[in-house]
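Structure first, commentary second.
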Amino acid sequence: MNKDKIFKLAKGFRGRAKNCIRVARERVEKALQYAYRDRRNKKRDMRGLWIQRINAGTRIHGVKYGQFMHGLNTENIQLNRKVLSEIAMHEPYSFKALVDVAKNVFQKQCKPKQLLVQEKTVV
Amino acid sequence: MRLGRLASTIAIHIRGKDLPTYTPSVDMGAFVIVVNAEKIAVTGKKRYQKLYRRHSGRPGGMKVETFDQLQQRIPERIVEHAVRGMLPKGRLGRRLFTKLKVYKGPEHPHAAQKPVPLPISDKRIMLDK
């Protein structure tokens, strides 16, 4: 009974691991351990992939990922990275609008510094 | 054009990391054609000190050349060596490497593919110019 379950899980394995119970039992145990670990790793990997995609999408418009996310956070836009990467892939014009929002935040932050410089030159 | 800076930009475009549809398991990058490969430059004393090694597999079969010797012999190999070190190693990396086409001199046989000039957004390269 247990053997049947093991062989069912061992489909597609290499060599004797799919046919011989002693080898298959070890490989199936390992496979289930990897599956457990990778269900948690998959969430991490996907987030990294979304970040890479957003980075590529923003750099087309001359903005980097860090500056972009800082701009969105300052404007309190709560879109998560998954949605942002989907927008970057399939809706380029909407994504450009978001990038412009982030750029505006930077321009607003730069203005106070320019005023300080002007005061010094007057004195 | 500095060797490493050029190779880095090429590798990014071959791999497809400049596109928002980037997928690491799929070959979705662009083909890159490099011309005038013999004009590549390196700074400092690297021209006479940078070594390119290869081994024939037999004992005592290590062959060493300097940068300028290799540039006189086969200049395309310098760019290929640099880009290959920057691409992923593995089956997909080898497939990506075949997308790089390097030529000595200003001519290349791919006019039928209507190549577009590579957009360079690396600050270090822009500052050099």
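Side chains are part of it too, since the values below use all heavy atoms of this structure and drop only hydrogens, waters and symmetry mates.
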Is it true that, when you exclude R14(A) itself, more than 12 heavy atoms of the residues, nucleotides or ligands shown sit nearer than 6.0 Å to its CZ?
no
With rounding to the nearest 0.5 angstrom, report the CG to OH distance, N55(A) to Y22(B).
11.5 Å
Is the number of heavy atoms from other residues, nucleotides or ligands within 6.0 Å of CZ (R37(A)) greater than 12?
yes
Does atom NZ of K8(A) have more than 12 heavy-atom neighbours from other groups under 6.0 Å away?
no
Mind listing the closest non-hydrogen atom pair of L49(A) and P24(B) along with its distance?
CD1-CD, 3.6 Å
Check P20(B) against I60(A) and note the closest heavy-atom contact, atom names and distance.
CD-CD1, 3.8 Å
Heavy-atom count around R5(B) CZ within 6.0 Å, excluding the residue itself: above 12?
yes
For each of R53(A), M89(A), Q52(A), tally heavy-atom pairs with chain B at distances under 4.5 Å, and name the one with the top tally.
R53(A)
